[in-house]
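The structure appears right after this line, and notes come after that.
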Amino acid sequence: MESDTEFLARLDEEVRRAHEAIARLHAEAVADLRRAAWAAQAPGARRPPERRH
């Protein structure tokens with residue numbers, strides 16, 4: 001049977017992985033929105049710099 005400590009360690013790792021996945025999806029969504037906003041601007045507008053996390 002899994003001890004409380006083992007359960008909490010496993011839960012902590014799963015939460016950490018989920019948080020990383022959410023952060024990655026958020027960054028991709030923001031980048032997509034920035035690209036769409038840039039594409040909608042007038043020709044010759046400066047493109048916003050790509051941000052890498």
Side-chain angles (χ1 to χ4, degrees):
M1 180 177 206
E2 186 176 46
S3 72
D4 289 347
T5 303
E6 291 168 333
F7 170 77
L8 291 174
R10 186 172 51 81
L11 181 62
D12 187 52
E13 178 61 22
E14 290 177 15
V15 169
R16 185 190 63 76
R17 278 193 242 149
H19 181 264
E20 287 177 355
I22 291 167
R24 188 172 40 255
L25 290 171
H26 178 263
E28 291 170 4
V30 169
D32 289 345
L33 288 171
R34 288 179 189 257
R35 282 190 288 274
W38 174 77
Q41 290 179 356
R46 261 184 10 143
R47 182 177 181 165
E50 292 287 328
R51 295 187 71 182
R52 300 282 177 181
H53 297 297

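Treat the numbers as computed from the prediction; the structure is a model and nothing was measured.
- Partners of Ser3 according to the side-chain contact (heavy atoms from CB on, under 4.5 Å) rule, which considers only residues two or more places apart in sequence or in another chain, are Thr5, Glu6.
- Scanning for side chain to side chain donor-acceptor pair (under 3.5 Å) contacts around Glu13 gives Arg16, Arg17, with sequence neighbours left out.
- Atom CG of Leu8 is separated from atom CG of Asp4 by 6.5 Å, given to the nearest 0.5 angstrom.
- Partners of Glu14 by side-chain contact (heavy atoms from CB on, under 4.5 Å), not counting sequence neighbours, listed by chain and number: Arg10.
- Contacts of Asp32 classified as side chain to side chain donor-acceptor pair (under 3.5 Å), with partners at least two apart in sequence or in another chain: Arg35.
- With sequence neighbours excluded, the residues that form a side-chain contact (heavy atoms from CB on, under 4.5 Å) with Leu11 are Phe7, Val15.
- Separation of atoms NE2 (His19) and NE2 (His26) is listed at 10.5 Å; rounding is to 0.5 Å.
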